[in-house]
Amino acid sequence: MNFCFTTIRSFPKLWKNNPYLGVGPGHSYNSFFLKDGYGIRNQQKLFSLKTVSPQNTKAINLTAKARYRRKEDEGSNKVSSEFPHLFAAGAAKKRSQMNPHNQDLALSPERNIVQLPSKPLNSEQWDKLKEDFKGKANFEDWIIIQLINYNSSIDVAKSLLAWVAAKNNGIVSYNLLVKYLCLCVFHKQTSEVFDVYEILKARYKTLETSASTLLIRGLIHSDRWREALLLLEDIKKVMIPSKKNYGDCIQGALLHQDVDIAWNLFQELLGHDLIPMMETLKAFFDFGKDLKDDQYSKKLLDLLLYLRNNQLYPGESFAHSIKTWFESVPGEQWKGQFTTIQKNGQCSGCGKTIESIHLSAEEYELLKRKILSDVIDGGDQYKKTTPQELKRFQNFVEHCPPFDVVVDGLNVAKMFPKVRESQVLLKVVSQLAKANLRVLVLGRKHMTVQSARWRKDEMEKVQKQASCFFADNISEDDPFLLYATLNSGNHCKFITKDLLRDHKACLPDAKTQRLFFKWQQGHQLAIINRFLGSKVIFQHIPSYDTVVQTTGDSWHIPYDEDLVERYSYEVPTKWLCLHRKI
Ligand SMILES: [Zn+2]
């Protein structure tokens with residue numbers, strides 16, 4: 001059975017009068033979309049339902065698979081020398097997989113709710129399904145959320161709305177309507193999006209942001225894309241639009257060749273201190289392909305510098321777009337390749353040396369000033385340290401010559417649980433001292449009291465080979481570690497397994513946070529032995545900075561691989577190397 005109606009206004013009636021929309025042999029939604037494009041919107045519209053494909057006929061069993069995964073595992077001690085670098089993309093994930101206690105938890109037992117329909121139902125069938133529904137939630141709301149979660153065909157959702165409307169004098173709640181819109185947008189059913197848009201406009205004076213956001217996304221691919229810009233203006237009246245709203249509008253403008261609007265929106269987005277989505281940046285590069293326009297090229301290079309300044313990395317497909325764009329610029333002869341950087345900081349592709357990880361004197365001074373003042377001001381993270389103890393520590397540090405290595409004694413001593421703590425610490429300290437390094441060990445007072453874990457003779461040997469500062473047992477070590485290392489100068493390294501993310505988060509602005517991360521990568525020594533053998537092995541500190549960079553006739557761009565999950569404190573290991581044949 002096919003159902004016809006003449007005006008969009010009568011759409012709600014559809015649900016009121018025709019609770020069941022049968023499966024007909026008519027057109028697919030896709031063909032409606034194409035017809036709309038050819039301007040026959042004012043003609044009668046024929047609604048028919050897509051035949052359910054064989055894959056869809058199988059009902060989806062709604063068993064939520066509660067998956068649980070620990071975000072990270074700093075506590076794992078199974079570190080081996082084959083292990084990826086502490087800051088390398090994917091390292092945290094691998095660390096967590098190596099820990100047997102970190103396996104995904106068993107799935108929760110199946111709960112019998114109802115099966116999602118795979119094709120449109122009639123009133124009686126919906127009534128029956130509602131009766132079977134055992135959940136506590138409102139049935140209509142629950143079922144539409146499931147339809148969204150399982151990307152069901154919109155025909156099923158439409159039959160649900162028709163059933164609801166039939167029982168409700170033709171009224172479908174705003175909530176249900178917006179959720180239906182969500183499904184239409186997902187399936188790119190543009191003509192349906194238009195219809196829901198018209199209903200919403202007719203029925204409500206203003207829309208809230210979630211509906212506007214969906215409509216923007218639904219409209220940008222169509223010839224009515226400019227209406228998305230109006231919706232964006234509506235959002236602006238009440239709040240700052242999201243990066244997604246801007247991103248969608250920019251993509252809509254680029255799809256319709258309106259470059260000026262796209263760049264203006266982009267400027268506006270940055271003006272609100274929003275970080276654009278990578279796909280938005282990618283869209284600019286994709287559009288720029290084969291375009292001979294110096295102004296446009298200049299703006300794309302500015303986008304790359306934006307990535308640099310904000311320590312952002314493109315994803316794999318974006319990196320491909322960047323490569324394709326460079327190679328397409330007429331007359332410039334760029335050649336790109338995907339590569340890695342050698343340990344000495346040389347690009348395996350072109351042999352050029354990547355920028356150093358070391359902070360410039362100005363950068364170092366800025367970071368030192370910010371962190372030291374933070375320690376002294378005693379922000380929240382330093383509450384466990386008393387002002388008296390901090391003063392005692394400052395005096396201690398001022399009276400020592402600068403150190404080469406600062407060791408977080410407690411943290412290092414616990415790296416090998418099967419070995420006595422004082423023995424581990426002595427081993428590490430002895431090795432550093434033999435290399436003629438001036439070592440500072442930060443510890444707690446309890447470490448100097450004889451016990452099974454802390455032998456007095458071993459601790460005395462530690463004190464002979466290194467300067468030691470033992471804080472009260474309640475103190476936190478990190479502030480002391482940061483203070484002593486930074487105070488010693490740019491050459492000084494530190495050893496801890498801790499990733500110091502709390503400190504990074506406490507820094508006042510993004511620029512200082514990036515400096516901190518760069519400094520940390522260049523100064524943190526990690527022990528990578530799996531077992532405490534004859535020698536302690538330290539992880540190689542990268543000599544180069546993983547950041548977008550250029551020399552004018554070359555670009556080196558680190559990027560994220562699609563299949564590697566990178567945590568915020570890790571950096572990518574893959575690079576795009578671009579250079580000009582001159
Ligand atoms: Zn290169």
Side-chain angles (χ1 to χ4, degrees), residues 84-91 278-279 281-282 284-286 288-292 294 296-360 363 514-515 517-523 539-582:
H85 197 280
L86 188 65
F87 298 110
M278 286 295 162
E279 62 182 73
L281 303 185
K282 180 181 182 296
F284 279 113
F285 278 85
D286 288 339
K289 196 161 98 61
D290 298 317
L291 199 69
K292 178 74 184 154
D294 290 347
Y296 193 91
S297 297
K298 166 99 183 36
K299 284 179 173 161
L300 290 188
L301 298 183
D302 285 345
L303 288 189
L304 292 180
L305 294 177
Y306 173 82
L307 294 181
R308 173 188 171 82
N309 294 334
N310 292 280
Q311 212 162 348
L312 297 170
Y313 308 107
E316 203 169 320
S317 66
F318 182 12
H320 278 275
S321 295
I322 294 171
K323 179 177 182 286
T324 306
W325 174 73
F326 269 100
E327 290 175 342
S328 82
V329 181
E332 296 216 348
Q333 297 214 301
W334 285 92
K335 180 86 192 90
Q337 56 188 319
F338 296 104
T339 183
T340 53
I341 307 299
Q342 294 161 23
K343 274 191 174 177
N344 64 4
Q346 275 194 327
C347 170
S348 306
C350 67
K352 273 205 166 71
T353 303
I354 299 299
E355 281 179 38
S356 164
I357 187 79
H358 294 296
L359 270 60
S360 70
E363 287 175 330
R514 282 190 300 279
L515 277 183
F517 187 47
K518 188 177 169 183
W519 174 77
Q520 188 188 2
Q521 286 179 78
H523 292 80
Q539 186 161 59
H540 173 84
I541 285 193
S543 58
Y544 59 89
D545 191 13
T546 303
V547 69
V548 173
Q549 50 197 278
T550 181
T551 58
D553 57 2
S554 79
W555 280 90
H556 285 90
I557 301 168
Y559 67 92
D560 280 319
E561 293 169 281
D562 288 343
L563 298 175
V564 176
E565 199 177 337
R566 182 175 60 80
Y567 290 83
S568 63
Y569 52 87
E570 297 173 338
V571 292
T573 55
K574 292 288 163 60
W575 291 68
L576 168 61
C577 158
L578 291 151
H579 53 103
R580 284 171 82 166
K581 293 183 231 153
I582 302 169

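Order of listing sets the numbers, starting from 1, for every ligand and every atom in it. Values reported hereafter were calculated over all heavy atoms of this structure, with side chains retained and with hydrogens, waters and symmetry mates removed.
For His320, the ring pair (Phe, Tyr, Trp, His ring centres under 6.0 Å) partners at least two apart in sequence or on another chain are Phe338.
For the Zn ion (ligand 1), protein N, O or S atoms under 2.8 Å: 4 in total.
Across all non-hydrogen atoms, the minimal contact from Gly349 to Thr339 is N-OG1, 3.3 Å. Residues Lys289 and Ser328 share a closest heavy-atom pair of CA-OG, 3.6 Å. When all heavy atoms are compared, the tightest approach of Ile322 to Leu578 is CG2-CD1, 4.3 Å.
If you take CG on Leu576 and NZ on Lys323, they are separated by 7.5 Å, rounding to the nearest 0.5 Å.
For the ring-ring contact (aromatic ring centres under 6.0 Å, His included) with Phe318, the qualifying choice from Phe285, Phe284, Tyr559 is Phe285, the only one to do so.
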